[in-house]
Q: 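Sharing a structure with you now.
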Amino acid sequence: MKKILLIVSGGIAAYRSLDLIREIKRRGDDVTCVLTKSATKFVQPLSFASLSQNKVYTDLFDIENESKIGHIKLSRDADLIVLAPATANILAKMVHGVSDSLATSILLANNKPLLIAPSMNVKMWNNPATIKNIKTLKKDGHIFVGPDDGEMACGEVGSGKMSKVEDIYKEISYLINESPLKGKKAFVTSGPTIEPIDPVRFISNRSSGKQGHAIASLLSKLGAETHLITGPVNIPYPDNIKVTEINTADEMLEACLSSLPADISVFAAAVSDWKVTNQSAKKIKKSENKNNDMNIILKQNPDVLKTISETNKNRPELVVGFTLETENLIESAKYKMTKKSCDWMIANNHIQNNKSVFDNDMNEVSFLTSDLQENWGLISKKSVAEKLCNKIINHFNNVT
Ligand code: CTP
């Protein structure tokens with residue numbers, strides 16, 4: 001049984017922390033709650049005491065508690081501290097080392113991992129001051145879950161909603177349980193590659209990097225030492241992992257080779273199949289092409305996945321490819337799995353629910369090995385990452 005110290009600050013989402021307590025108790029762990037003064041305006045401490053079946057702490061100057069230096073002891077007794085909901089105010093106080101309440105004193109004196117679930121109005125979340133504070137807190141090694149997008153209590157719509165209880169609990173479980181991939185080394189390719197034509201133009205594709213980033217993030221949370229090798233994308237990188245930014249397929253291959261030896265390799269990137277051999281060092285001008293035509297000479301790029309999969313030196317134990325097709329999906333995925341000598345292949349349908357898979361949060365995929373085909377249906381890219389990581393854990397535990 002693990003001990004969780006739940007700090008609740010004063011936001012409208014405070015009532016949802018009651019469900020989080022239920023979930024923690026249902027999983028058999030112990031939870032003690034600390035409420036800020038504002039949190040007690042939203043929900044009665046008695047509700048937290050009843051559900052947690054533990055004393056609830058609210059006051060820094062509680063005589064009985066402070067005679068034992070309670071704000072130190074509360075964090076020392078816990079395996080993990082969870083701050084949910086975390087308001088913009090308490091996050092700003094953390095950045096500046098303010099300790100004007102029991103909650104902020106615990107956070108300042110804390111020596112345990114801290115999981116933060118922010119909750120605030122979209123304008124507050126997007127305010128440059130909050131953005132700066134979040135950056136500092138992430139740099140200090142604190143782990144964030146959410147916030148989610150959606151409609152807020154104030155009626156505005158955007159990012160700032162506290163994450164769903166199930167998502168917060170998932171993060172808690174990664175932090176308190178044995179890391180099943182501890183000791184394993186992984187790398188993941190993600191996003192598109194871009195192949196220059198001249199200094200301002202390039203050939204690329206519409207990959208968002210969402211799937212590869214979700215896989216890299218989860219491998220890292222599960223304990224694997226993870227290296228994300230990514231083309232240019234517009235999404236944030238997962239926290240606390242090594243990232244190498246590349247542009248071309250040649251650079252991606254070089255980064256993958258430098259990541260060997262590794263136990264796990266996942267190739268979720270949409271690599272450009274071609275590069276321009278007659279690349280121009282200066283911007284190509286229309287006026288210089290007399291007959292309105294322009295010739296770009298293309299040469300095939302190296303196949304990153306196939307090169308790693310067929311390397312004689314330090315081939316990863318698991319090589320997982322992805323493939324996106326517009327027709328003959330399974331047949332073509334099986335063919336590529338053999339041709340590229342990879343162990344597993346995840347086959348995506350290009351069009352899902354009448355929408356392109358690019359930039360979509362959902363993915364309709366099938367999981368293939370040499371003797372298995374599982375249809376995972378239309379699920380979120382995060383769920384694809386979870387299912388794949390479960391397969392990886394089972395592989396290393398010899399579970400078939
Ligand atoms: N891949 C790679 N290097 C390349 C091309 C593809 O590493 N130059 C990897 C992708 O990351 C993916 C898998 O190979 O994991 C399949 O990619 P896909 O684009 O479906 O296959 P291609 O070999 O490019 O075949 P085609 O585009 O002709 O269908």
Side-chain angles (χ1 to χ4, degrees), residues 186-196 202-216 219 226-233 244-260 262 264-277 298-311 314-316 318-352 356-358 363-370 373 376 381 384-385 387-389 391-392:
F187 68 86
V188 179
T189 70
S190 186
T193 63
I194 63 173
E195 308 295 334
F202 55 80
I203 298 174
S204 190
N205 60 67
R206 293 172 51 217
S207 170
S208 66
K210 283 183 180 173
Q211 186 62 80
H213 283 46
I215 293 166
L219 285 169
T226 308
H227 180 192
L228 173 66
I229 299 162
T230 179
V233 291
T244 300
E245 293 174 348
I246 55 87
N247 282 314
T248 63
D250 284 320
E251 290 165 7
M252 181 169 273
L253 177 58
E254 200 185 308
C256 290
L257 288 168
S258 78
S259 210
L260 295 176
I264 304 155
S265 57
V266 180
F267 297 81
V271 185
S272 172
D273 290 328
W274 311 96
K275 63 181 158 196
V276 179
T277 54
L298 299 175
K299 181 178 177 219
Q300 249 189 50
N301 261 322
D303 191 310
V304 183
L305 163 59
K306 190 168 157 64
T307 311
I308 298 293
S309 200
E310 293 180 356
T311 180
N314 296 324
R315 182 198 191 270
L318 263 185
V319 176
V320 185
F322 269 74
T323 186
L324 175 80
E325 298 290 350
T326 49
E327 55 194 354
N328 302 329
L329 178 64
I330 299 299
E331 205 182 308
S332 163
K334 283 182 178 164
Y335 170 73
K336 282 183 192 170
M337 185 161 61
T338 314
K339 198 173 136 217
K340 296 181 187 237
S341 316
C342 60
D343 305 298
W344 301 345
M345 186 62 100
I346 295 186
N348 300 243
N349 247 321
H350 175 235
I351 298 294
Q352 309 172 356
S356 162
V357 66
F358 291 121
N363 209 353
E364 186 173 4
V365 303
S366 295
F367 172 81
L368 306 171
T369 69
S370 56
Q373 179 186 327
W376 288 352
K381 287 182 177 172
V384 171
K387 280 178 157 293
L388 174 61
C389 286
K391 293 274 181 199
I392 293 173

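Note that ligands are numbered from 1 as they come in the structure, with each ligand's atoms numbered from 1 the same way.
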Q: Among Val320, Asp250, Asp273, whose heavy atom sits nearest atom 24 (O) of ligand 1?
A: Asp273
Q: Tell me: protein heavy atom nearest atom 10 (C) of ligand 1, and distance?
A: Ala269 O, 3.5 Å
Q: Exactly one of Ser265, Ser258, Ser259 should register a side-chain hydrogen bond (donor to acceptor under 3.5 Å, both in side chains) with His227. Which one does?
A: Ser259
Q: To the nearest 0.5 Å, tell me how far Thr248 OG1 sits from Leu253 CG.
A: 9.5 Å
Q: Out of Ile346, Leu305, Ile308, who gets a non-hydrogen atom closest to atom 7 (O) of ligand 1?
A: Leu305
Q: Is there a donor-acceptor pair closer than 3.5 Å between any side-chain N or O of Asn205 and the backbone N or O of Ala270?
A: yes
Q: Which of the listed options, Thr307, Thr323, Asn205, holds the heavy atom that is closest to atom 20 (O) of ligand 1?
A: Thr323
Q: Test your reading of the structure: does Phe267 have an N or O sitting under 3.5 Å from an N or O of ligand 1?
A: yes
Q: Under 4.0 Å from a heavy atom of Gly321: which atoms of ligand 1 are those, numbered in the order shown and with their elements?
A: 15 (O)
Q: Side chain or backbone of Lys306 under 4.0 Å from ligand 1, or both, or neither, by non-hydrogen atoms?
A: neither
Q: Got a second to check how far Lys336's NZ is from Thr323's OG1, nearest 0.5 Å?
A: 3.0 Å
Q: May I ask you to decide whether Asp343 forms a salt bridge with Arg315, counting only side-chain N to carboxylate O separations under 4.0 Å?
A: yes
Q: Going by atom types only, do Thr277 and Lys299 share a side-chain donor-acceptor pair under 3.5 Å?
A: no
Q: Which option, Asp303, Thr326, Val319, owns the non-hydrogen atom nearest atom 2 (C) of ligand 1?
A: Asp303
Q: In terms of the angle between their ring planes, are Trp376 and Phe367 parallel, tilted or perpendicular, with boundaries placed at 30° and 60°?
A: parallel
Q: What part of Lys340 sits under 4.0 Å from ligand 1 if we count only heavy atoms: the side chain, the backbone, both or neither?
A: side chain
Q: Do side-chain atoms of Thr244 reach the backbone of Ile229 as a donor and acceptor pair under 3.5 angstrom?
A: no
Q: About how many Å separate OG1 of Thr307 and CG of Leu257, when rounded to the nearest 0.5 Å?
A: 7.5 Å
Q: Taking atom 29 (O) of ligand 1 as the point of reference, which of Lys275, Lys336, Lys339, Glu325 owns the nearest heavy atom?
A: Lys336
Q: Looking at ligand 1, does any of its N/O atoms fall within less than 3.5 Å of an N/O of Val304?
A: yes
Q: Is it the side chain, the backbone, both or neither of Pro302 that has a heavy atom closer than 4.0 Å to ligand 1?
A: backbone
Q: With nothing but distance in play, are any N or O atoms of Phe322 less than 3.5 Å from an N or O of ligand 1?
A: yes
